[in-house]
Amino acid sequence: MTTTAAPRAGRKEWIGLAVLAMPTLLIAMDMTVLHLAVPSLTADLQPSTSQLLWIMDIYGFLVAGLLITMGTLGDRIGRRKLLMTGAAAFGIASALAAFSNSAEMLIVTRALLGVAGATLMPSTLSLIRNMFHDAAQRTVAISVWMTCFAVGGALGPLLGGFLLDYFWWGSAFLIGVPVMVILLVLGPVLLPEHRDEQAGKLDFGSAVMSLVAVLSVVYGLKLVAEDGFGLQPVAFVLLGLAVGYAFVRRQRSLADPLLDLKLFRERTFSASAGLLTIGILVMAGSQLFTLQYLQLVHGLSPLSAGLWSLPNAAGLMVGAMSAPALAAKIRPGYVIAGGLVVAAIGLGMLTLVSASAGLGILVTASAIMGAGLGPMASLSTDLVVGAAPPERAGAASAISETGTELGSGLGIAVLGSIGFGVYRSEIENTMPSGVDSEAAHESLGGAVAAAEELGGRTGDELLTVAREAFTYGMHVTAIVGAAVALLLALLASVLLRDVKPGAGGHDESADGAPQGGPDGAATTETAPDSEASKSGTALGSSI
């Protein structure tokens, strides 16, 4: 059996990566900037409570629900073509959203942004998979791509706050227009086209089923996060799981399935996808409480809270960007495991934070958590994408992104339910006598509002006990998160032990057969690790 070295990326590919980083930054920013614009757009458009919720949520719902369909569509029609189409749609929808003159129009334009956003995310990642054939270079490229999410998430509140200080609320949406124009101009020049020449037709029934399944689960998890477990959220989650089961059975019977279930037979792929999903659960759950602590316990403004959150983003960037060098010398599974142990230490530090002091400890702990979770996010994503054959890069990228979305929803729902459950139990036992506030019992935000209405000594007492109850809930959540992180570290070290340093996952050149490189040219790669592709029982992906 002969092997040939994988072609290394040159200057054009690295400049192309910079182009792909722009929509990645934008998507992360767009997910956070709207929260700052809510007060001014509410005053201008006067949406109902239901309309405001749809304005906030419809974007994320459609992104999550359409990722699998769009990723597979890119494999069929071409990833660059899908990216260019999505970029044009995103730019147009951004302009329409900025100048919306009614709540209904803003909901529709946000929905269009969600559809367009679902084309951008898997397209950028799958193009990276096909531009960087060398496993070590691809790990670096995906780490840069992952870092852009952290940078975008950090820049969103800061840039949004600046624009809203000087312009109207619609200016927050116009950020996307020049970015998409640059992408449309440079994309055809710097980005190669890739598609699966053997792909069949897109199965519309499967696309609808995947949308219903993911949306139902995500919506159910959102209801759990807002109102706790109840009949309605459980019904939505069960509906999503039932449709998901039917979706899987349908894929097994199709000659050209929307989602190739054979991908999950590879231990590297399935284990990495599961680790990524549950790792994001820990990340999202911890951030839910740290951000609320900064604003509602420590009393910072949203913009100040965003500034104090920068160390977490910086830690994530350091962790993600240091991962390639570490994974070149140490098995990726061990690097991921080590990072998760570091993240567990950061989570443990959160138990040292009190309701009256601890800003420095919290910021330090957040930076340590970010540094620990960065290698997990970048290397798990790299292994998911690298373990799939090049012609399935779009589908693999979509699975990775869907796992991230589900992990985020699970983190807020599960860890949020635990923390807020502890809060409600604590405040029920410590509520000042004579105070009967349902809002204060439900959330810290409600307690802050109730304390302002009460005023005086009673209001101060309510605020004190509510902040202490919330902080204790954060402690419990941090302990649970640390335990999950340590369990994931053990699983990563066991399930990914066969992936060697510098290995990318999928063997593209074991037999020297051409696999279809840039612009359809045949390419081959050195087999990274034959053992990494073994089928076997692995950590079940939550997808």
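The figures here come from the full heavy-atom set of this structure, side chains too, leaving out hydrogens, waters and symmetry mates. This chain uses plain numbering: 1 for the first residue, then up along the sequence. Since this is a predicted model, take the numbers as computed values, not measurements.
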*Asks:* Assess the residue pair Gln251 and Val248 against the criterion (side chain to side chain contact (heavy atoms under 4.5 Å, CB included)); give the C-alpha distance rounded to whole Å, side-chain angles, the decisive distance to 0.1 Å, and a yes or no.
*Replies:* CA-CA 5 Å; Gln251 303 317 294; Val248 170; 5.6 Å; no
*Asks:* Listed by chain and number, what are the ring pair (Phe, Tyr, Trp, His ring centres under 6.0 Å) partners of Phe99, not counting sequence neighbours?
*Replies:* Trp168
*Asks:* Indicate yes or no for a side-chain donor-acceptor contact from Arg467 to the backbone of Leu296 under 3.5 Å, with no hydrogens or angles considered.
*Replies:* yes
*Asks:* Under the ring pair (Phe, Tyr, Trp, His ring centres under 6.0 Å) test, which residues partner Phe236, sequence neighbours left out?
*Replies:* Tyr219
*Asks:* Taking atom types as modelled, find out whether Arg250 and Ser206 have a side-chain donor-acceptor pair closer than 3.5 angstrom.
*Replies:*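 Looking only at side-chain atoms, Ser206 and Arg250 do form a donor-acceptor pair, the distance falling under 3.5 Å.
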*Asks:* Output all residues satisfying salt bridge (charged side-chain N to carboxylate O under 4.0 Å, His left out) with Arg110, sequence neighbours left out; order by chain, then residue number.
*Replies:*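 Salt bridge (charged side-chain N to carboxylate O under 4.0 Å, His left out) check on Arg110 returns Asp30.
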*Asks:* Run the side chain to side chain donor-acceptor pair (under 3.5 Å) test against Gln232 and tell me which residues pass, sequence neighbours left out.
*Replies:* none
*Asks:* Could you tell me whether a side-chain N or O of Arg79 sits under 3.5 Å from a main-chain N or O of Leu127, the two making a donor and an acceptor?
*Replies:*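 No, the answer is negative, given that no donor and acceptor are paired below the 3.5 Å cut-off.
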*Asks:* With a 4.5 Å cut-off on side-chain heavy atoms, are Phe173 and Leu106 touching?
*Replies:*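 Yes - at least one pair of side-chain heavy atoms lies under 4.5 Å apart.
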*Asks:* Suppose the criterion is ring-ring contact (aromatic ring centres under 6.0 Å, His included): which pairs have a residue in residues 66-86, not counting sequence neighbours?
*Replies:*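 Listed once each, the pairs would be none.
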*Asks:* Would you say the side chain of Ser126 lies within less than 4.5 Å of the side chain of Val385, judging by non-hydrogen atoms?
*Replies:* no
*Asks:* Taking C-beta and beyond as the side chain, do Leu415 and Ser286 meet within less than 4.5 Å on heavy atoms?
*Replies:* no
*Asks:* Looking only at heavy atoms, which two atoms of Leu83 and Leu191 are closest? And how far apart?
*Replies:* CD2-CD1, 3.7 Å
*Asks:* Looking at every non-hydrogen atom in both residues, tell me the closest pair between Ser309 and Leu294 and how far apart they are.
*Replies:* OG-CD1, 3.8 Å
*Asks:* Suppose we call two aromatic rings close when their centres sit under 6.0 Å apart. Are Phe132 and Trp14 close by that rule?
*Replies:* yes
*Asks:* How many angstroms lie between atom CG of Leu362 and atom OH of Tyr293, to the nearest 0.5 angstrom?
*Replies:* 6.5 Å
*Asks:* Measure across Met209 and Phe247 and return the closest heavy-atom pair with its distance rounded to 0.1 Å.
*Replies:*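 Closest pair (atom of Met209, atom of Phe247, distance): CE-N, 3.3 Å.
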*Asks:* For the residue pair Met474 and Thr477, establish whether any side-chain heavy-atom pair is separated by less than 4.5 Å.
*Replies:*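 No, their side chains stay 4.5 Å or more apart.
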*Asks:* Less than 4.5 Å apart, side chain to side chain, heavy atoms only: is that true for Met131 and Leu20?
*Replies:*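 When only atoms from C-beta onward are counted, Leu20 and Met131 do touch, with a gap below 4.5 Å.
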*Asks:* Applying ring pair (Phe, Tyr, Trp, His ring centres under 6.0 Å), can you list everything that pairs with Phe289, at least two apart in sequence or on another chain?
*Replies:*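 Counting only residues at least two positions away or on another chain, Phe289 forms a ring pair (Phe, Tyr, Trp, His ring centres under 6.0 Å) with Phe420, Phe470.
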*Asks:* In Å, rounded to the nearest 0.5 Å, how long is the span from CG of Leu62 to CG of Leu67?
*Replies:*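 Atom-to-atom, Leu62:CG and Leu67:CG are 10.5 Å apart.
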*Asks:* Is the backbone of Ala116 close enough, under 3.5 Å, to the side chain of Thr119 for a donor and an acceptor to pair up by distance?
*Replies:* yes
*Asks:* Output side-chain donor-acceptor pairs under 3.5 Å for residues 312-321, partner residues at least two apart or in another chain, one line each.
*Replies:*
residue: Asn312; atom: OD1; partner: Gln287; partner atom: NE2; Å: 3.1
residue: Asn312; atom: ND2; partner: Ser366; partner atom: O; Å: 2.8

*Asks:* Taking side chain to side chain donor-acceptor pair (under 3.5 Å) as the test, write out the residues that go with Thr147, two or more places apart.
*Replies:*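 Result, side chain to side chain donor-acceptor pair (under 3.5 Å) vs Thr147: none returned.
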*Asks:* My understanding is that only residues two or more places apart in sequence, or in another chain, count here; which of them pass side chain to side chain donor-acceptor pair (under 3.5 Å) with Gln292?
*Replies:* none
*Asks:* Determine whether Thr277 and Leu281 make a side-chain contact, defined as any pair of heavy atoms from C-beta on separated by less than 4.5 Å.
*Replies:* no
*Asks:* Looking only at atom types and distance, does a side-chain atom of Ser272 sit under 3.5 Å from a main-chain N or O of Phe269, one as donor and one as acceptor?
*Replies:*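 No, Ser272 side chain to Phe269 backbone: no donor-acceptor pair under 3.5 Å.
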*Asks:* For Leu120 versus Pro23, what's the shortest heavy-atom pair and its separation?
*Replies:* CD1-CB, 4.4 Å
*Asks:* Could you measure the distance from the OG1 atom of Thr124 to the CE atom of Met22? Nearest 0.5 Å is fine.
*Replies:* 11.5 Å
*Asks:* Before giving the answer on side chain to side chain contact (heavy atoms under 4.5 Å, CB included), spell out for Leu45 and Met105 the whole-Å C-alpha distance, their side-chain angles and the decisive distance to 0.1 Å.
*Replies:* CA-CA 10 Å; Leu45 302 181; Met105 182 177 177; over 6 Å; no
*Asks:* Could you work out, with side chain to side chain donor-acceptor pair (under 3.5 Å) as the rule, every residue matching Ser143, not counting sequence neighbours?
*Replies:* none
*Asks:* State the CD1-OG1 distance between Ile128 and Thr24, to the nearest 0.5 angstrom.
*Replies:* 6.5 Å
*Asks:* Whether the side chain of Ser378 engages the backbone of Gly374 through a donor-acceptor N/O pair (distance < 3.5 Å, no angle test) should be reported.
*Replies:* yes
*Asks:* Can you tell me how far apart OG1 (Thr109) and CG (Leu96) are? Round to the nearest 0.5 Å.
*Replies:* 6.5 Å
*Asks:* How about Val480 and Leu347: do any of their side-chain heavy atoms sit closer than 4.5 Å?
*Replies:* no
*Asks:* Which heavy-atom pair separates Ala87 from Leu184 by the least distance, and what is that distance?
*Replies:*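 That closest heavy-atom pairing would be CB-CD2, 4.0 Å.
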*Asks:* May I have the step-by-step check of side chain to side chain contact (heavy atoms under 4.5 Å, CB included) for Leu340 and Leu373, ending in yes or no?
*Replies:* CA-CA 6 Å; Leu340 287 166; Leu373 291 170; 4.0 Å; yes
*Asks:* Taking it one step at a time, do Met376 and Leu488 satisfy side chain to side chain contact (heavy atoms under 4.5 Å, CB included)?
*Replies:* CA-CA 10 Å; Met376 178 279 301; Leu488 289 179; over 6 Å; no
*Asks:* Can you name the ring pair (Phe, Tyr, Trp, His ring centres under 6.0 Å) partners of Trp145, sequence neighbours left out?
*Replies:* Phe149
*Asks:* So do the side chains of Ser216 and Val237 get within less than 4.5 Å of each other, counting heavy atoms only?
*Replies:* no
*Asks:* How would you list all residue pairs meeting salt bridge (Lys or Arg N to Asp or Glu O under 4.0 Å) that involve residues 83-102, not counting sequence neighbours?
*Replies:* none
*Asks:* In Å, rounded to the nearest 0.5 Å, how long is the span from CG of Leu383 to CZ of Arg138?
*Replies:* 9.0 Å
*Asks:* Do you know which two heavy atoms are closest between Leu66 and Ala118, and how far apart they sit?
*Replies:* CB-CB, 3.7 Å
